[in-house]
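Read through the structure below, which is laid out as structure tokens, and then see the notes.
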Number of protein chains: 2
Amino acid sequence: MSLPHAILTALLEKPSSGLELTRRFDRSIGYFWTATHQQIYRELGKLEQAGLIRVLPAEAPTRGQRKEYEVLSAGREELTAWVARVEEPRAGRDPLPLRVRAAAVVGSAGLAPELRRHLELHRQRLAEYRDIERRDFPPGRDAEPDRLRHVVLKGGIRLEHFWIEWLSEVLDELPGDAPA
Amino acid sequence: MSLPHAILTALLEKPSSGLELTRRFDRSIGYFWTATHQQIYRELGKLEQAGLIRVLPAEAPTRGQRKEYEVLSAGREELTAWVARVEEPRAGRDPLPLRVRAAAVVGSAGLAPELRRHLELHRQRLAEYRDIERRDFPPGRDAEPDRLRHVVLKGGIRLEHFWIEWLSEVLDELPGDAPA
DNA sequence: TCACCTTGTGCACTTTGTTGCATAATCTCG
DNA sequence: CGAGATTATGCAACAAAGTGCACAAGGTGA
């Protein structure tokens with residue numbers, strides 16, 4: 001399981017409340033992982049129980065019943081161990097190629113518009129990632145942590161490329177498809 | 001959910017028993033989806049209950065208590081509808097980039113061997129896919145179903161490429177990494 | 001002041017996915 | 001024939017992920 005480790009990483013980068021974490025999952029962490037706020041709160045509870053993180057006492061009372069968490073040393077150790085752990089790569093699980101395969105059997109009626117919609121979404125995400133890259137990784141920053149974070153982002157960019165190219169290829173194979 | 005649709009597709013290509021399906025999921029369908037035999041049996045039960053598939057009466061008794069399933073017209077209709085359905089792309093969920101990100105925070109000790117191991121696995125899978133391509137898609141076959149199945153396989157190949165390139169890139173960024 | 005909005009936290013339930021084990025029939029070899 | 005391997009199906013229990021809704025506190029404006 002990776003969600004707890006994703007949370008530990010995010011909290012080490014900056015102690016945060018549940019909702020802040022949720023927002024950060026929509027951005028940087030989210031290139032390769034997503035989570036809803038409910039998942040995150042539940043996981044924060046478990047991590048606290050397990051003694052890997054703790055609540056920072058609030059200084060000024062804020063909105064709602066806001067709780068900031070920080071990582072304890074046991075949490076840092078767990079994350080350090082996870083980095084080197086032997087784990088099998090988990091098979092990708094994307095329904096879209098499956099749908100193309102189904103279309104090979106029952107016909108591709110109605111598939112093209114859905115593919116074009118996905119193509120557009122991936123183009124948008126690619127553009128966002130490029131913006132982030134320009135903003136956060138200007139040339140010259142080359143301490144190791146920065147280089148590693150950058151290479152993760154480049155992975156996100158590469159992956160969007162993959163989808164864009166593959167979707168274009170599929171659209172070329174579909175009958176009666178006028179280019180968008 | 002996509003597992004039932006994956007099963008319907010596989011059964012339309014060829015009526016099969018649970019275990020046969022499991023094996024086919026390890027091969028062709030498996031470029032983008034995996035399932036254990038337990039998941040498949042459970043799902044076959046649900047699909048039968050729902051009237052989308054039925055058991056073919058066995059002619060000669062075979063090993064164990066083998067049951068072959070075939071798709072009913074309701075199943076074919078469901079699959080046809082699914083092909084055109086509007087669904088959001090589900091975010092990729094791979095822990096490996098997350099681990100690289102964690103390494104940016106707690107240090108990359110022990111990460112390189114694990115990355116090399118994954119690199120090797122992806123190279124192997126790429127080689128397998130290329131074999132399948134040579135065997136099943138010789139030049140000249142260009143009826144639509146074949147072209148669509150081929151483009152799905154090409155997606156699998158492209159995806160393995162992605163991993164190989166990205167992993168190589170990460171390894172280049174790690175300190176003290178002698179090329180394998 | 002009080003109805004309503006926003007921010008923030010969280011429970012309950014459901015669906016999916018995984019692990020481990022149980023069972024049955026058939027085959028295989030001494 | 002009968003002990004053990006192989007093929008095949010399936011249940012039970014659990015873990016992980018996703019959906020829907022409730023609740024609490026403070027801010028905002030009629």
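This one's a predicted model, so the numbers in the text were calculated from it and none came from an experiment. Sequence lines set the chain letters: A, B, ... in the order given, protein chains first and strands last, and positions in each chain run from 1.
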Among residues at least two apart in sequence or on other chains, which ones pass side chain to side chain contact (heavy atoms under 4.5 Å, CB included) with B:Glu144? A:Ser108, A:Pro175, B:Arg147, B:Leu148
By the salt bridge (Lys or Arg N to Asp or Glu O under 4.0 Å) test, which pairs, at least two apart or in different chains, include something from residues 32-46 of chain A? none
Under the side chain to side chain contact (heavy atoms under 4.5 Å, CB included) test, residues paired with B:Glu133 that sit two or more places apart: B:His150, B:Leu153, B:Lys154, B:Ile157
For residues 83-112 of chain B, which residue pairs pass the ring pair (Phe, Tyr, Trp, His ring centres under 6.0 Å) check, not counting sequence neighbours? none
Residue pairs involving residues 68-77 of chain A (criterion side-chain hydrogen bond (donor to acceptor under 3.5 Å, both in side chains); sequence neighbours excluded): A:Arg54-A:Glu70
Interface residues of residues 76-84 of chain B with DNA chain C (non-hydrogen, below 4.0 angstrom): none
Name every donor-acceptor pair, under 3.5 Å, that has one atom in a side chain of residues 90-97 of chain B and the other anywhere in the protein, sequence neighbours excluded.
residue: B:Arg93; atom: NH2; partner: A:Thr34; partner atom: O; Å: 2.8
residue: B:Arg93; atom: NH2; partner: A:Thr34; partner atom: OG1; Å: 3.4
residue: B:Asp94; atom: OD1; partner: B:Leu96; partner atom: N; Å: 3.0

By side chain to side chain contact (heavy atoms under 4.5 Å, CB included), A:Glu114 pairs with (sequence neighbours left out) A:Arg99, A:Arg117, A:His118, B:Val86, B:Glu87
Test side-chain hydrogen bond (donor to acceptor under 3.5 Å, both in side chains) applied to B:Arg125 - qualifying residues, sequence neighbours left out: none
Could you identify which residues of residues 6-19 of chain B place a heavy atom less than 4.0 Å from some atom of DNA chain D, listed by residue number, or say none? B:Ser17, B:Gly18, B:Leu19
Any residue in residues 36-47 of chain A with a heavy atom nearer than 4.0 angstrom to DNA chain C? Just list them by number, or reply none. A:His37, A:Gln38, A:Tyr41, A:Arg42
Would you please name every residue forming a side chain to side chain contact (heavy atoms under 4.5 Å, CB included) with B:Ala10, sequence neighbours left out? B:Leu21, B:Arg24, B:Ile29
